[in-house]
Amino acid sequence: MAKQVRTAIEPTREQNYAEWYQQVIKAAELAENSDVRGCMVIKPWGFAIWENIQRVLDEMFRETGHKNAYFPIFIPKSFFEKEAEHVEGFAKECAIVTHSRLEDDGKGGLKVAGELAEPYIVRPTSETIIGASFARWVNSYRDLPLLINQWANVVRWELRTRLFLRTAEFLWQEGHTVHATSEEAVVETMKMLDVYATFAEEYLALPVIKGEKTDSERFPGAIATYCIESMMQDRKALQSGTSHFLGQNFAKSSQIKFQSQTGDVEYAWTTSWGVSTRLIGALIMAHSDDNGMVIPPRIAPAHIALIPIYKNDEEKVEVMSFVKELGEKLHSIRYLEQKLRIEIDNRDMTSSERSWSWIKHGIPLRVEIGMRDLASGTVMVGRRDQDSKDKKSMSVEELLTQVLDILEDIQKTIYERALAFRSINTHKIDDYEQFKAFYTPKNSNEPEIHGGFASSHWCGDGACETKIKEDLKVTVRCIPLDAVLEDGICICCGKPSKRRVIFAKSY
RNA sequence: CGGGAUGUAGCGCAGCUCGGUAGCGCGUUCGGUUCGGGACCGAAAGGUCGCUGGUUCAAAUCCAGUCAUCCCGACCA
């Protein structure tokens, strides 16, 4: 059988990026489409990533003073109608519950019955239902700030769905806070944006740009929406988290009022912020390669796959006993205050097939152990951030003492790789023809990966935004918070501009 | 929701133009040889051809409808 160089994932990113994305998810057993339109089944390996995201973020939320609570999945339609912009923003993607029971239809099937007096909306986000509770909880300035987070599922009836990136139902967390002053609420909004950015960069190894959304991309009902934007390997932008300053808009519609120190009754100031299972989509598209998933060690479901190699039952007994002992030693080591997670894989497949299976799943380290290693007290170690053939022999002692450094080194490499990719695909562009060329594929029938982030001047006029969107499907992803003030002219209309913004095609 | 395409075994596909006993590859199961880079040999199991109706002696194949999926738009975390 002629062995040839091939990739584990077909097609490759270059050949067909969208299909590559689906195949990575399939090969890594992260999720699959379900029998329910637009809804995914998250499989154990994928769900474990979400659980790790939850665990780390939850701790960060606690550290910043937030408490978890849970509110209903159903929102009375009348609640929804209270905030005009909010309704308008979500009206087109609501799932609505109108009946409460099923009855025999006399033909062997069931028919819906028991029409509700008022329809319920399955929450697409919870500002209005949580606001109703907050109105009861907040009476005095002494009740503030109120800092709440909810881990939940939400439903947005999207027309076109993609696993993790856009599904009809998705898992997320939504923070909802209430403050006595505008200033305090703004501080909270920015603080949580920072939490997201820190989490994305330090745990997901995902470089992000913090910025503010333009009017057209703002959360329905918000005064200001801030976001973290990241670049995927097809050079498109993915909004990876948002934090909203809601002003008094929702406080007014939900009647969240408090008596201040001076005795006046005032409307409160609220914020909301969230990240979702979309982050897993970001991980896939930012880090994975043509051999499958690449998972940053800090968020990986398991850190090390131990792969015993043997020729017969006698060898298997010997090797397995060695491997189990090594597994226990590794498992007792603590990485970021958690035990190292080890997978011992002695499935009845050839060793290389088992090894490839873990490569596709994105496990950070593969450790192969055969009879030769038993004799010499060594193991073969393969890193997911390096070529699959690039394995190193090291002593068991070395592995045990260096494993944490290796994992952290992989984490760092993955981050730096993503950062370098973003850097080389981000360009200052000041000429619309150049801008156009940047965002126009050379082969329009089968568009190749093209474009990237353009850092260009924008006058702030929505008309220019719309024109660029219509011309090139490119939008302002954000106005970076760290943008330096400089004089320039709008890439679109030529009018004066004070700062550059980030343009890109996006998900 | 508009434009395009596709539904045949767990997965990927052929067969359809020109109607006549359901095929291939991978995977699965069993037996054996293998096992440090995606193994091999042999045997076997597995499908009311998306669904409904029509034409016909006969439909995977022709016709109509319907549902679903994918791609491109619009919408969006």
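If you're wondering where the values come from, they're calculated on a predicted model, not measured in any experiment. Below, read A as the first sequence line, B as the second, and so on, with proteins coming before strands; counting in each chain starts at 1.
- Lacking a ring centre under 5.5 Å from that of the base six-membered ring together with a plane angle below 30°, A/W172 does not count as stacked on B/A77.
- Residue A/T350 has a polar side-chain atom (N or O) positioned under 4.0 Å from OP1 or OP2 of B/A39.
- Partners of A/R218 by salt bridge (charged side-chain N to carboxylate O under 4.0 Å, His left out), not counting sequence neighbours, listed by chain and number: A/D215.
- When the C1' atom is compared between B/C13 and B/G19, the two are found 22 Å apart, to the nearest whole Å.
- The side-chain hydrogen bond (donor to acceptor under 3.5 Å, both in side chains) search around A/K77 returns A/E81, not counting sequence neighbours.
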Using a cutoff of under 3.5 Å, can you pull out all pairs of nitrogen or oxygen atoms linking the protein to nucleotides 9-11 of chain B, with atom names and distances?
residue: B/C11; atom: O2'; partner: A/K26; partner atom: NZ; Å: 3.4

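- Note on A/S352: a side-chain N or O is less than 4.0 Å away from OP1 or OP2 of B/A39.
- Between B/C49 and B/A74, the distance separating the two P atoms is 40 Å to the nearest Å.
- Distances were taken from every side-chain heavy atom of A/E353 (C-beta onward) to each of B/G37, B/A39, B/C71; the shortest belongs to B/A39.
- Between A/F503 and the choices A/F435, A/F438, A/F453, the side chain to side chain contact (heavy atoms under 4.5 Å, CB included) rule is met once, by A/F435.
- A/S240 comes within contact range of no nucleotide atom at all, as no heavy-atom separation falls under 4.0 Å.
- A/F170 and A/W172 have perpendicular rings, their planes meeting at more than 60° on a 0 to 90° scale where under 30° would count as parallel.
- The two residues A/A302 and A/I363 make their nearest non-hydrogen contact at O-CG1, 3.3 Å.
- Among the heavy atoms of the strands lying under 4.0 Å from A/T167 is at least one base atom, whether or not backbone atoms are also near.
- Note on A/G370: a base of the nucleic acid sits closer than 4.0 angstrom, heavy atoms only.
- Residue pairs that meet the salt bridge (Lys or Arg N to Asp or Glu O under 4.0 Å) test with at least one member in residues 273-295 of chain A, sequence neighbours left out, are A/R13-A/D290, A/D289-A/R384.
- Of the P atoms belonging to B/A59 and B/U52, the separation is 14 Å, rounded to the nearest Å.
- Of the residues in residues 371-380 of chain A, those lying under 4.0 Å from RNA chain B by heavy-atom distance are A/M371, A/R372, A/D373, A/M380.
- For A/T225, the side-chain hydrogen bond (donor to acceptor under 3.5 Å, both in side chains) test picks out A/H244, with sequence neighbours left out.
- Atom C1' of B/U8 sits at a distance of 14 Å from the matching atom of B/C51, rounded to the whole Å.
- Applying the side-chain hydrogen bond (donor to acceptor under 3.5 Å, both in side chains) criterion to A/E19, with sequence neighbours excluded, gives A/Q23.
- Applying the salt bridge (Lys or Arg N to Asp or Glu O under 4.0 Å) definition to pairs two or more places apart or across chains, those involving residues 227-240 of chain A are A/K213-A/E229, A/E229-A/R477.
- Taking the nucleotide of RNA chain B with the nearest heavy atom to each of A/K473 and A/L165, the more 5' of the two is matched to A/K473.
- Scanning residues 310-324 of chain A for heavy-atom distances under 4.0 Å to RNA chain B yields A/Y310, A/K311.
- For the P atoms, the distance from B/A60 to B/G53 is 14 Å, rounded to whole Å.
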Sort me out a list of protein N/O and nucleotides 1-4 of chain B N/O pairs below 3.5 Å, or just none if empty.
none

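- Taking the P atom of each, B/G32 and B/C71 are spaced 46 Å apart, rounded to whole Å.
- In this structure, A/Q239 reaches the sugar-phosphate backbone alone: every heavy-atom distance under 4.0 Å involves primed, P, OP1 or OP2 atoms, never a base.
- Taking atom C1' on both B/U6 and B/A43, the two are 36 Å apart, rounded to the nearest angstrom.
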Problem set entry | Pair A/E368-A/S355, side chain to side chain donor-acceptor pair (under 3.5 Å): steps then yes or no | CA-CA 8 Å; A/E368 299 174 2; A/S355 198; 3.1 Å; yes

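- With respect to A/Q173, the side chain to side chain donor-acceptor pair (under 3.5 Å) criterion is satisfied by exactly one of A/N68, A/N149, A/D58: A/N149.
- Nucleic acid contact class of A/I359 (heavy atoms, under 4.0 Å, all strands): base.
- RNA chain B is contacted by both A/K469 and A/Q22; A/Q22 maps to the nucleotide lying nearer its 5′ end (nearest heavy atom per residue).
- Residues passing the side-chain hydrogen bond (donor to acceptor under 3.5 Å, both in side chains) test with A/W458: none are found, sequence neighbours excluded.
- B/U17 and B/G25 are spaced 25 Å apart, taking the P atom of each and rounding to whole Å.
- Evaluation of the side chain to side chain contact (heavy atoms under 4.5 Å, CB included) rule for A/D313 yields no partner, not counting sequence neighbours.
- Shown here for A/E85 and A/G221, the closest heavy-atom pair between the two residues is OE1-N, 3.4 Å.
- The closest donor-acceptor contact from the side chain of A/S288 to the backbone of A/M285 lies at 3.5 Å or more, if one exists at all.
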